[in-house]
Amino acid sequence: MAEAPQEWLRRIQAGEPAAAERLMGEMFGPVRRYLEGMLRNPAQAEDLAQEAMVRLVEHASEFRGEASLRTYLFQIAHNLALNHISAAPTKREEYGSEAPLSKEDGRSGAFETLALEEERRRVRLALGCLPPRQRSVVILRAWEELSFKEIARVMGLAEGTAKAHYFFALKNMRRAMEAENGP
Amino acid sequence: MDHEEAVKRLIIGGPVPIEAASHVEGCVSCREELAALHSTEALLKRAKPSIEPAQYHARPALEARPSRIRRRALAAAAAILLAGLVGGWSLGRMSGQQRTAAPSREVALAEVPWAPSSEDSTLSLLQSAYPVADRFSSVTTADTTSYMEPE
Ligand SMILES: [Zn+2]
């Protein structure tokens with residue numbers, strides 16, 4: 001996104017389909033993946049991702065440009081996810097179910113190994129054991145590759161707190177995976 | 001520096017204090033813990049779901065299923081339209097009946113034969129009677145914001 005984000009949002013608000021299409025093309029997938037990681041429910045993730053996109057445009061005037069558009073969008077998505085989780089807490093067993101996350105790519109497909117599938121299942125299970133804020137930090141860091149500074153902004157935390165969440169999330173995930181493997 | 005703090009400094013990246021690095025170097029349990037956490041981190045990264053391009057190109061969110069915002073916009077537009085039509089109907093009835101007792105709003109609404117009962121009927125009503133409704137077929141937020149209630 002080379003253009004200034006404000007200009008981009010202005011074009012979308014002015015009803016330029018190409019601008020909206022480009023926003024969707026670049027941002028919808030990552031936001032949907034983040035929400036699916038958070039909620040473990042593809043249909044809800046899809047709905048909330050769409051809601052996040054609409055809100056981005058709706059609240060465009062509040063975007064000051066201190067952060068990237070991507071960070072701002074994840075901030076909206078994060079708040080939607082937390083509201084959703086607090087309204088209807090995700091059951092752990094449901095979160096860790098066999099339901100796959102978004103369809104996998106060429107790394108997988110026909111060449112998907114059973115080992116990789118098993119790894120993904122274990123990660124889903126471990127993510128489901130995390131408190132929502134820890135889950136959010138690890139997904140934003142490991143999957144969306146945000147810096148801790150960006151994560152802190154998304155989540156409204158101090159950078160040091162975001163780092164601590166990440167560290168304890170990894171510890172908790174490791175513990176959950178060990179517990180699953182048994183003694 | 002305690003064990004946990006030393007490992008944390010190495011996990012979160014960035015500049016590592018010499019104290020943390022030297023502790024971990026000389027501490028077997030910290031080295032094991034660090035290796036285990038690095039392995040968990042690598043596993044997590046490998047499990048990253050990829051994005052299917054068709055997923056978003058096929059379904060632009062701003063015009064896909066009726067969103068809450070779109071419903072809000074439709075409801076607001078329908079209310080304006082309905083109020084206008086009911087008002088007109090009431091006035092017509094009043095003049096036709098030599099201004100007998102005016103019907104209450106509830107009675108008037110109940111007697112309107114085509115009173116919309118669902119969003120779909122509201123939409124078709126809007127499309128037939130309210131030119132702006134046509135714009136919802138290619139809805140963008142720019143189209144809907146002016147009809148939205150504040151959050
Ligand atoms: Zn140690």
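These numbers come from a predicted model, not from an experiment. Lettering of chains follows the sequences in order, A, B, ..., and the numbering in each one begins at 1.
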**Student:** Take atom CZ of A/Arg174 as the centre, draw a 6.0 Å sphere, and report whether it contains more than 12 heavy atoms from other residues, nucleotides or ligands.
**Tutor:**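 Enclosed: over 12 neighbouring heavy atoms sit under 6.0 Å from CZ of A/Arg174.
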
**Student:** For the CZ atom of A/Phe167 and the CG atom of B/Leu37, what is their distance to the nearest 0.5 Å?
**Tutor:**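 Reported to 0.5 Å precision, the distance equals 6.0 Å.
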
**Student:** Do B/Lys45 and A/Glu145 meet the salt-bridge criterion of a basic N to acidic O distance under 4.0 Å?
**Tutor:**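 Here A/Glu145 does not pair with B/Lys45 in a salt bridge, since their nearest N and O are not under 4.0 Å apart.
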
**Student:** Which distance, rounded to the nearest 0.5 Å, do you find between the CG of B/Leu44 and the CD1 of A/Ile139?
**Tutor:**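 Result: 8.0 Å between the selected atoms.
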
**Student:** Under a single-linkage definition using a 4.5 Å side-chain heavy-atom cutoff for Ile, Leu, Val, Met, Phe, Trp and Tyr, are A/Leu170 and B/Leu34 assigned to the same hydrophobic cluster?
**Tutor:**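 In one cluster with A/Leu170: B/Leu34, yes.
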
**Student:** State whether the side chain of B/Arg46 and the backbone N or O of A/Glu119 hold a donor-acceptor pair below 3.5 Å, judged by distance alone.
**Tutor:**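 Here the side-chain-to-backbone pair does not exist.
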
**Student:** Check the surroundings of atom NE2 in B/His3: do more than 12 heavy atoms from other residues, nucleotides or ligands lie under 6.0 Å from it?
**Tutor:**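 Open: at most 12 neighbouring heavy atoms sit under 6.0 Å from NE2 of B/His3.
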
**Student:** State, to 0.1 Å, how close B/Ile51 and A/Gly29 come at their nearest heavy-atom pair, and which atoms those are.
**Tutor:**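 Residues B/Ile51 and A/Gly29, closest heavy atoms: CD1-C, 3.5 Å.
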
**Student:** Taking NZ, NE, NH1 and NH2 as the nitrogens, is one of them in B/Glu33 or A/Lys171 under 4.0 Å from a carboxylate oxygen of the other?
**Tutor:**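 Salt bridge between B/Glu33 and A/Lys171, a charged N being under 4.0 Å from a carboxylate O: yes.
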
**Student:** Measuring heavy-atom distances to chain B, does A/Ala162 have an atom under 4.5 Å in its side chain, in its backbone, in both, or in neither?
**Tutor:**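 Neither part.
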
**Student:** Would you say that more than 12 heavy atoms from the other residues, nucleotides or ligands in this model lie under 6.0 Å from the CD of A/Glu118, or not?
**Tutor:**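 Atom CD in A/Glu118 is crowded, with more than 12 foreign heavy atoms closer than 6.0 Å.
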
**Student:** With a 3.5 Å distance limit and no angle check, can you tell me whether A/Trp143 reaches the backbone of B/Ser50 through a side-chain donor-acceptor pair?
**Tutor:**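 Side chain of A/Trp143 to backbone of B/Ser50, a donor-acceptor pair under 3.5 Å: no, none is there.
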
**Student:** Please examine the side chains of B/Glu4 and A/Phe168, heavy atoms only from C-beta on, and report whether any two atoms are closer than 4.5 Å.
**Tutor:**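 Yes, at least one pair of side-chain atoms sits under 4.5 Å.
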
**Student:** When you look at CD of A/Glu180, are more than 12 heavy atoms from neighbouring residues, nucleotides or ligands closer to it than 6.0 Å?
**Tutor:**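 Buried by this count: over 12 neighbours within 6.0 Å.
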
**Student:** Shorter than 4.5 Å, heavy atoms on both sides: which option in A/Pro17, A/Ala142, A/Ala169 has the most such pairs with chain B?
**Tutor:**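 Going by pairs under 4.5 Å, I would pick A/Ala142.
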
**Student:** Quick check: is B/Val7 connected to B/Met1 through a chain of hydrophobic side chains (ILVMFWY, heavy atoms under 4.5 Å apart)?
**Tutor:**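 They do not share one cluster, since no chain of ILVMFWY contacts under 4.5 Å joins B/Met1 to B/Val7.
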
**Student:** Let me know which of A/Glu178, A/Arg122, A/Met177 forms a side chain to side chain contact (heavy atoms under 4.5 Å, CB included) with B/Thr40.
**Tutor:**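 Checked A/Glu178, A/Arg122, A/Met177 against B/Thr40; only one passes side chain to side chain contact (heavy atoms under 4.5 Å, CB included): A/Met177.
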
**Student:** Would a distance-only check, ignoring hydrogens and angles, find a side-chain to backbone donor-acceptor pair under 3.5 Å from A/Lys163 to B/Ile12?
**Tutor:**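 A pair under 3.5 Å: no.
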
**Student:** Is there a side chain to side chain contact (heavy atoms under 4.5 Å, CB included) between B/Glu41 and A/Met173? Walk through the geometry before answering.
**Tutor:** CA-CA 9 Å; B/Glu41 195 175 32; A/Met173 286 184 74; over 6 Å; no

